[in-house]
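Sequential numbering from 1 along the given sequence is applied to the chain's residues.
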Amino acid sequence: MEDEQIKAEQKRVDRVVGWISEQIDTLREQTGEVRTDIVGIRRDFWDDVTVNFEDAAEAAETAASLKQQAEVLIEREHAHGRAERQLKLLLKLQQSPYFGRVDFTQETNGVGAGQDEPESIYLGVGSLLDESGTNYLIYDWRAPVSSLYYDYSPGPAKYDTPTGEIEGEMTLKRQYVIRRGHISGMFDTGVTIGDELLQEVLGKQSDAQMKSIVATIQHEQNLIIRNERAKLLVVQGAAGSGKTSAALQRIAYLLYRYRETLTADQVVLFSPNPMFNSYVSTVLPELGEQNMQQTTYQQYLEHRLGQSFALEDPFAQMEYTLGAIGQPQYETRLAAIRYKSGVSFMSLITRYAAALSESGLRFKAIKFRGRILISAEAMQERFYSLNRSLSLPNRIRMLAEWLLKELTDLSRKERKKQWVEDEMELLDNEAYMHAFDELRRKEQLTSDSFGDLDREKDLLAATIVQERFKRLRSRVKKLKFIDMPSSYRELFADQTKASSLLDGEESSIPEAWEQICGLTLEQLAAGVLHYEDATPYLYLKDLIEGFQTNTSVHHLFIDEAQDYSPFQFHYLKRIFPRAKMTVLGDVNQSIFAHATGGNGFQPLSELFTDAETEKIVLKRSYRSTREIIDFTSLMIEDGEQIIPFNRHGEKPAITVVRDKNEHIRLIGEKISAFRKDGAQSIAVIAKTAEESGEAYEALKASNPEIRLIAKETVTFEQGTVVIPSYLAKGVEFDAVIIFDAANDVYSQESERRLFYTACTRAMHDLHIFSTGEPTRFLDRALPSLTL
């Protein structure tokens with residue numbers, strides 16, 4: 001760059017930063033005044049309200065006064081919130097006002113005067129108007145015109161607006177690195193974001209949280225971010241291709257684009273584990289947006305089923321499939337996982353629910369003080385006497401209404417029982433007076449009733465019974481009278497039921513069905529619900545009781561989607577019926593037992609039409625150095641399709657050890673070496689939680705600051721950690737040490753992707769240890785390793 005150009009650009013930065021600083025001072029003063037107003041309104045709230053309930057007119061005036069004062073307070077609080085958000089944005093812009101510029105001349109097509117000179121468009125994390133309030137000094141990176149920067153090189157270019165497509169000529173595309181108001185780097189670039197800026201960002205040490213680097217969004221990522229058409233957007237991306245980053249910035253874009261109609265609580269992200277939620281939690285706030293709702297699929301299951309069963313989580317299932325090879329029932333369990341995860345089992349559950357509509361639905365008797373008030377048989381008789389053309393959920397609701405009426409009649413009879421008399425006598429004076437105050441409040445006890453001992457006694461008895469029946473009524477309203485565990489169990493108790501329900505489609509039933517039934521009954525009897533049973537159980541429950549749909553959610557994001565089963569995809573579509581879905585994953589990182597290979601997203605095609613679906617494939621990987629990507633791509637089929645970003649580093653290395661003490665000593669030395677080289681985050685990745693625990697115990701003496709990551713860990717922090725392979729998914733580290741890659745550790749072909757996933761967590765350095773002959777997954781890669 002010419003010195004004059006740099007000086008001119010710095011002069012503009014100085015002017016913009018100066019204007020931002022003025023606005024910050026003004027805004028701080030205003031927020032202080034608004035905060036003072038809020039404190040004053042809250043303090044004097046009741047002094048400024050006229051309270052009088054003497055008659056209806058006075059009561060109405062009091063209500064109006066309260067409403068007016070509350071509205072003033074709400075308006076002030078909203079104004080303060082807006083000012084605080086604007087202040088946070090300005091403070092960010094003060095440090096780095098913008099990161100890109102495009103000069104664009106709009107095509108006139110013979111209409112209007114057009115533009116003789118190109119317009120310079122500067123891009124930042126937020127918009128900024130000049131002193132006149134009419135011209136943009138900075139455009140928000142999500143504004144329609146900003147797509148020019150991400151999608152085009154100098155030459156013909158166009159961008160979409162709400163009013164149509166704008167075409168023209170881009171004459172300049174420039175990037176900046178601005179730190180604390182000073183330009184530390186500036187260069188012109190072509191169609192992709194320049195290597196210089198990417199090199200700077202990717203060459204840094206990893207952070208405790210994922211960062212929002214809007215300056216480095218690539219063209220293919222921009223297609224994901226700005227897609228507004230697809231009801232289903234599928235993103236298949238190689239490890240380190242920026243899938244998650246693009247998804248989070250897509251959320252930020254949608255919240256900006258539809259800011260009048262879309263709020264953060266109408267967007268839900270299903271992430272792989274609680275620690276991942278912590279890892280990505282700062283991205284949206286960095287962009288000035290509120291965080292979307294974040295959860296895991298397991299947390300949703302716990303919310304729905306946690307009170308009924310000891311619910312297995314996916315990581316416990318993973319531990320079993322990795323560590324129980326050769327144990328009794330192991331093959332049966334694998335067969336159960338595969339079958340119960342598929343649409344064939346979903347079809348069986350659907351038919352089973354239809355059969356329960358005719359007969360066989362189980363109920364639980366309503367008991368009170370050790371007595372049966374309403375028997376299960378009475379409920380069953382009543383339920384099957386209802387009009388069978390009505391849906392199951394409608395008939396269940398009608399049964400619930402009947403039960404509530406029955407409880408009302410039974411409560412009247414209960415008042416005459418001796419236990420009620422006993423409880424009345426045991427009431428102390430305070431409880432007695434409280435009961436009568438309640439009766440007076442409900443206008444059941446008038447002044448004429450005082451002195452009428454029988455009337456007082458009847459009313460008090462009614463109050464006592466009503467209080468004791470509250471729990472029964474609550475359980476009826478929550479449909480607790482349905483015996484769901486028994487109803488689900490019946491599907492497996494009669495091993496011929498499945499074939500009779502499928503009516504000639506028995507070929508879809510696995511050969512091990514008899515053994516699967518036995519294993520399922522055994523677990524249900526112990527009060528345990530296997531992970532592969534949780535979604536089918538919940539699906540059956542909702543077919544009977546009615547689906548708990550959430551129609552307020554407009555966008556559903558599923559990260560690490562290759563780990564979801566077809567059954568789970570279908571179920572999520574049922575409970576979020578109005579949501580557009582964005583699913584992100586990598587079939588090469590499918591690590592669960594139900595994974596079916598390269599068609600991991602195929603079940604989604606059954607949920608949306610081809611016209612509603614778009615798929616974007618990200619082949620370029622940015623996380624790791626070229627040396628690490630070249631090495632890890634040799635472990636998997638079609639790995640040569642992964643395109644490494646041109647950032648170089650040390651070759652991965654392998655150390656074969658024969659002695660346990662030497663093994664731990666060498667890992668400790670490698671951790672120290674990585675730290676000396678500047679690594680901020682180092683992961684020792686073991687295969688399972690059990691192996692992680694053993695590695696942690698062995699290493700903590702020489703590395704007292706080392707931490708063990710378990711499935712319960714909810715925060716991601718920098719430092720040195722020991723972590724199971726499957727919990728490291730989606731997270732990156734400066735340096736990765738594979739604890740033990742011996743052939744007897746990673747031996748099953750089903751574990752190839754797990755091993756690949758562990759190795760691809762490394763950004764800068766990867767070192768593999770093996771206690772014996774290395775895993776055969778390295779056969780193709782060994783010649784390229786540093787031994």
Side-chain angles (χ1 to χ4, degrees), residues 100 102 104 106 121 123-127 136 139-152 157-168 193 212 214 216-237 241-270 283-284 287-293 550-559 561 569 572-573 576-585 601 604-605 607-618:
V102 293
F104 182 70
Q106 183 175 329
I121 298 158
L123 283 68
V125 296
S127 296
Y136 278 96
Y139 283 88
D140 191 293
W141 66 277
R142 296 166 290 186
V145 71
S146 301
S147 65
L148 292 169
Y149 172 80
Y150 299 114
D151 290 341
Y152 292 97
K158 60 185 178 181
Y159 64 96
D160 290 325
T161 73
T163 56
E165 196 174 73
I166 304 294
E167 296 185 3
I193 304 306
S212 168
V214 294
T216 64
I217 293 169
Q218 302 296 290
H219 171 62
E220 63 270 21
Q221 293 169 327
N222 198 42
L223 294 175
I224 298 166
I225 292 166
R226 295 175 187 265
N227 187 295
E228 298 176 34
R229 301 175 302 276
K231 288 190 175 180
L232 169 65
L233 180 62
V234 178
V235 180
Q236 157 61 38
S241 59
K243 300 181 294 294
T244 302
S245 178
L248 294 169
Q249 300 190 75
R250 171 168 168 74
I251 294 171
Y253 171 78
L254 292 169
L255 291 172
Y256 173 86
R257 173 72 175 83
Y258 299 101
R259 52 193 176 278
E260 303 300 327
T261 57
L262 183 67
T263 59
D265 59 5
Q266 292 172 320
V267 181
V268 174
L269 168 66
F270 276 87
V283 174
L284 287 181
L287 295 170
E289 299 290 356
Q290 284 184 302
N291 258 329
M292 68 272 134
Q293 296 188 71
N550 188 329
T551 55
S552 67
V553 172
H554 293 187
H555 288 274
L556 181 66
F557 286 74
I558 304 174
D559 203 0
F569 280 135
L572 286 171
K573 183 68 173 69
F576 297 105
R578 294 186 182 175
K580 290 184 175 180
M581 290 175 70
T582 301
V583 301
L584 313 107
F601 303 123
L604 288 164
S605 63
L607 303 178
F608 297 88
T609 66
D610 290 344
E612 295 172 328
T613 303
E614 290 189 39
K615 183 175 181 180
I616 297 174
V617 178
L618 303 178

According to side chain to side chain contact (heavy atoms under 4.5 Å, CB included), who are the partners of [X], at least two apart in sequence or on a separate chain?
X	result
E165	K158, D160, E167
H554	L262, Q266
A157	F104, L148, Y152, M170

Which atom names give the shortest non-hydrogen contact between [X] and [Y], and what distance separates them?
X	Y	answer
S147	P144	OG-O, 2.9 Å
A252	L287	CB-CD1, 3.7 Å
S146	D140	OG-O, 2.7 Å
Y136	S127	CE2-CB, 3.8 Å
N291	A264	O-CB, 3.5 Å

Exercise for review: Kindly state each residue pair satisfying salt bridge (Lys or Arg N to Asp or Glu O under 4.0 Å) with at least one member in residues 222-232, sequence neighbours excluded.
Suggested key: E228-R257, R229-E614, K231-E612
Measuring from [X]:[atom1] to [Y]:[atom2], what's the distance to the nearest 0.5 Å?
X	Y	atom1	atom2	answer
L254	F557	CG	CZ	5.5 Å
I224	S245	CD1	OG	9.5 Å
L584	S241	CG	OG	9.0 Å
L255	M292	CG	CE	9.5 Å
N222	W141	CG	CH2	8.0 Å
Q106	I166	CD	CD1	4.5 Å

Would you call [X] and [Y] a side-chain contact if the rule is heavy atoms closer than 4.5 Å?
X	Y	answer
R142	E289	yes
T551	P577	yes
Y159	D151	no
L232	L607	no
T613	S605	no

Review point. Residues two or more places apart in sequence or in another chain: which of them pass side-chain hydrogen bond (donor to acceptor under 3.5 Å, both in side chains) with R578?
Key: none
Practice item. List the steps and the verdict of side-chain contact (heavy atoms from CB on, under 4.5 Å) for F608 and K573. Key: CA-CA 10 Å; F608 297 88; K573 183 68 173 69; 3.3 Å; yes
Exercise for review: Take V214 and Y150 through the test side-chain contact (heavy atoms from CB on, under 4.5 Å) and record every step on the way to the result.
Suggested key: CA-CA 10 Å; V214 294; Y150 299 114; 4.1 Å; yes
Exercise for review: Name all residues meeting the salt bridge (Lys or Arg N to Asp or Glu O under 4.0 Å) criterion together with K615; count only those two or more places apart in sequence or in a different chain, and write none if there are none.
Suggested key: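 K615 satisfies salt bridge (Lys or Arg N to Asp or Glu O under 4.0 Å) with no residue once adjacent residues are dropped.
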Exercise for review: Report yes or no: is the cationic atom of R250 (NZ for Lys, CZ for Arg) under 6.0 Å from the centre of the six-membered ring of Y253, at an angle within 45° of the ring normal?
Suggested key: no
Practice item. Begin with the C-alpha distance, continue with both residues' side-chain angles, and end with the deciding distance and a verdict on side-chain contact (heavy atoms from CB on, under 4.5 Å) for M581 and L604. Key: CA-CA 10 Å; M581 290 175 70; L604 288 164; 4.2 Å; yes
Review point. Considering residues, nucleotides and ligands other than Y256, do more than 12 of their heavy atoms fall under 6.0 Å from its OH?
Key: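 Correct, the count exceeds 12.
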Practice item. With side-chain contact (heavy atoms from CB on, under 4.5 Å) as the test, would you mind laying out the steps for F569 and I558 before giving the verdict? Key: CA-CA 10 Å; F569 280 135; I558 304 174; 4.2 Å; yes
